[in-house]
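Notes for the one structure printed next.
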Amino acid sequence: AGMKLPALLQSWEASTYDLRVQWRGPAPASDRLVLIGRDGESDARFGVGLWDRAHFATVIAGLHRAGAAVIALDFHMAEESPPERGGAASDRALVEATATAGTVVYPIPLTLREAASAAPSPSPAASSPIAASQSFDPSVLQALPQAVVLGTPFPALAHAAGAVGHIGAIPDPDGVYRRVPTFVQAGGQAIPALGVAVAAAYLHVPPDRISLVPGQVLTFRDAAFPDGTTRTLSLPVDRTGS
């Protein structure tokens, strides 16, 4: 029984967490945050499967003209577009819209290993968009979930992107996702979650003003808010930085 106690405690924590969230009620939603989803109506208009990237370029350009401070796409843009999906012209349109907006964040898909002692991933190439990512002490990197990067934005898009962020998470034993690693390690580099990268861009917090103490706190120092105020933000994290 003693061997099973940690798993039982994890199950109890997960179930009581769900209850605590229900009792708390919905968190207040900010009108500064807008979510644009791809639904059945979208597919009926633009087709199923891969979309022509010119559509994304149009959306990015429109949001930029409307005053969006940061734009994040939860769509992975890896290889060059096939001719039947716009080809090189659509890729150029996406790159140009991304560069013009200046603060577009793209996702990095990856797989996670829970054990920090897992074999390390290869170091990213110098031209990779994650090669110049967050710099943490080795002890912090060791505590982060290990990741294997499955792909990055195609080179021209990676160069134009304002930032990149990972979209990985590990489910709890009951299959529910309750935690997201604020950072993961791949090849000795710390990659922020997509949401962390977006928040940092929105609050004008460069990597050298982000610190992480696993088991304690993720800190954004001197975050600049739209009302002109500047303050430090702190977010509690677990021992893996989630």
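Predicted, not measured: the structure shown is a model, and the values here were computed from it.
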Any chain of hydrophobic side-chain contacts (each under 4.5 Å) joining Val59 to Val95? yes
With Thr229, which residues qualify under side-chain hydrogen bond (donor to acceptor under 3.5 Å, both in side chains), at least two apart? Asp227, Arg231
Shared hydrophobic cluster for Leu218 and Tyr202 (ILVMFWY, side-chain gaps under 4.5 Å): yes
If you compare all heavy atoms of Ala97 against all heavy atoms of Ala57, which two are closest, and at what distance to 0.1 Å? CB-O, 3.6 Å
Pairs touching residues 37-60 that satisfy salt bridge (charged side-chain N to carboxylate O under 4.0 Å, His left out), sequence neighbours left out: Arg38-Asp43, Arg53-Asp91
Do Thr240 and Leu144 come within less than 4.5 Å of each other through their side chains, counting heavy atoms only? no
Only distances under 3.5 Å count here; give the side-chain donor-acceptor pairs of residues 69-80 to other protein atoms, sequence neighbours excluded, each with its distance to 0.1 Å.
none

Do Leu233 and Val205 pass the side-chain contact (heavy atoms from CB on, under 4.5 Å) test, and can you show the C-alpha distance, the side-chain angles, and the key distance before you say yes or no? CA-CA 10 Å; Leu233 290 182; Val205 180; over 6 Å; no
For Pro145 versus Leu112, what's the shortest heavy-atom pair and its separation? CB-CD2, 4.4 Å
Side-chain donor-acceptor pairs under 3.5 Å in residues 206-216, sequence neighbours left out?
residue, atom, partner, partner atom, Å
Arg209, NE, Arg221, O, 2.9
Arg209, NH2, His204, O, 2.9
Arg209, NH2, Asp222, O, 3.2

Ala197 to Val105 - nearest heavy-atom pair and separation: CB-CG1, 4.0 Å
For residues 25-35, which side-chain donor-acceptor pairs fall under 3.5 Å, sequence neighbours excluded?
residue, atom, partner, partner atom, Å
Ser30, OG, Arg32, N, 3.0

Mind running side-chain contact (heavy atoms from CB on, under 4.5 Å) on Ile60 and Leu94 for me, showing each step along the way? CA-CA 8 Å; Ile60 291 171; Leu94 181 61; 3.7 Å; yes
Tell me whether the count of non-hydrogen atoms from other residues, nucleotides or ligands lying under 6.0 Å of CZ in Arg20 goes above 12. yes
Applying a strict under-4.5 Å side-chain criterion to I, L, V, M, F, W and Y, I'd like to know whether Leu150 and Leu194 cluster together. no
Minimum side-chain heavy-atom gap Phe220-Thr232 below 4.5 Å: no
Does Asp137 reach the main-chain N or O of Val140 with its side chain, forming a donor-acceptor pair under 3.5 Å? no
Stepwise side-chain contact (heavy atoms from CB on, under 4.5 Å) check, Ile191 with Val149: CA-CA 10 Å; Ile191 307 172; Val149 173; 4.0 Å; yes
List, one per line, each side-chain donor-acceptor pair under 3.5 Å for residues 161-175, sequence neighbours excluded.
residue, atom, partner, partner atom, Å
His166, ND1, Gly168, N, 3.0
His166, NE2, Pro181, O, 2.9
Asp172, OD1, Arg179, NE, 3.3
Asp172, OD1, Arg179, NH2, 2.8
Asp172, OD2, Arg178, NH1, 2.9
Asp174, OD1, Val176, N, 3.1
Asp174, OD1, Arg178, NH1, 3.1
Asp174, OD2, Arg178, NH1, 3.3
Asp174, OD2, Arg178, NH2, 2.8

Backbone of Gln146 reached by a side-chain donor or acceptor of Gln185 within 3.5 Å: no
Note, Phe154 side chain near Ser81 side chain (heavy atom, < 4.5 Å): no
Is any side-chain heavy atom of Trp51 closer than 4.5 Å to one of Ser42? yes
Quick one: name the residues clustered hydrophobically with Trp23, using the 4.5 Å side-chain heavy-atom rule over I, L, V, M, F, W, Y, and just say none if it's on its own. Leu19
State which residues pass ring pair (Phe, Tyr, Trp, His ring centres under 6.0 Å) with His55; sequence neighbours excluded, sorted by chain then number. Phe46
For Val21, side chain to side chain contact (heavy atoms under 4.5 Å, CB included) partners two or more places apart: Tyr17, Arg24
Nearest heavy-atom pair of Pro153 and Ala158: which atoms, and what distance? O-CB, 3.8 Å
According to the side chain to side chain donor-acceptor pair (under 3.5 Å) rule, which pairs have a member within residues 97-111, sequence neighbours left out? Thr98-Tyr106
I'd like to know whether Phe225 forms a side-chain contact (heavy atoms from CB on, under 4.5 Å) with Leu203, so could you lay out the CA-CA distance, the side-chain angles of the two residues, the decisive distance to 0.1 Å, and finally the verdict. CA-CA 6 Å; Phe225 287 81; Leu203 297 171; 3.8 Å; yes
